[in-house]
Amino acid sequence: MNSARVALAVLAIAVSGCIRGPEPHRLEAQLRRELPIGTPSSQVDAYLTAHGWQHSFLPDERSYLAGVRNVGSRFSLTREDIAIRIDIDKSGRLKAINVTPLFTYHGR
């Protein structure tokens, strides 16, 4: 019985150590909590910069696009990134947040 518990604990530690970044659904919840609707675009830009995420503002679409790279398992045949789109309304305030996981096959 104790050996089964030890094996499960070792497996849990090993699996949790494989993930390199946030899970998309948790990141989306964090963004929605820390950047509520109506946040000024200057604060959105500062937030993305403070987290070190590459991002750009697309003025024609009034949207920030950001990427969080290599967030998945180290032992996978795919690379997982997270794409973030933050839409800004005409008055310069946050209107919507969309988070999308992206998987790229790298065939080791």
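Just so we're clear, the structure is a prediction, and the values are computed from it rather than from any experiment.
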Main-chain N/O of E61 paired with S63 side-chain donor or acceptor, under 3.5 Å = yes
query = Can you check whether I97's main-chain N or O pairs, donor with acceptor, with R32's side chain at less than 3.5 Å?
reply = yes
task = Check for a donor-acceptor pair, side chain of Y47 on one end and backbone N or O of E34 on the other, with a separation under 3.5 Å.
result = no
message = Is any side-chain heavy atom of R93 closer than 4.5 Å to one of Q43?
response = no
query = Taking atom CD1 of I88 and atom OG of S42, what is their separation to the nearest 0.5 Å?
reply = 9.5 Å
inquiry  = Tell me which one of L58, D45, L94 satisfies side chain to side chain contact (heavy atoms under 4.5 Å, CB included) with Y64.
reply    = D45
message = On a heavy-atom basis, which atom in A66 and which in L48 lie closest, and how many Å separate them?
response = CB-CD2, 4.1 Å
key: Partner of I84 by side chain to side chain contact (heavy atoms under 4.5 Å, CB included), out of L27, T100, N98, L65   = L27
inquiry  = Please tell me whether H55 and W53 form a close aromatic pair, meaning their ring centres lie under 6.0 Å apart.
reply    = no
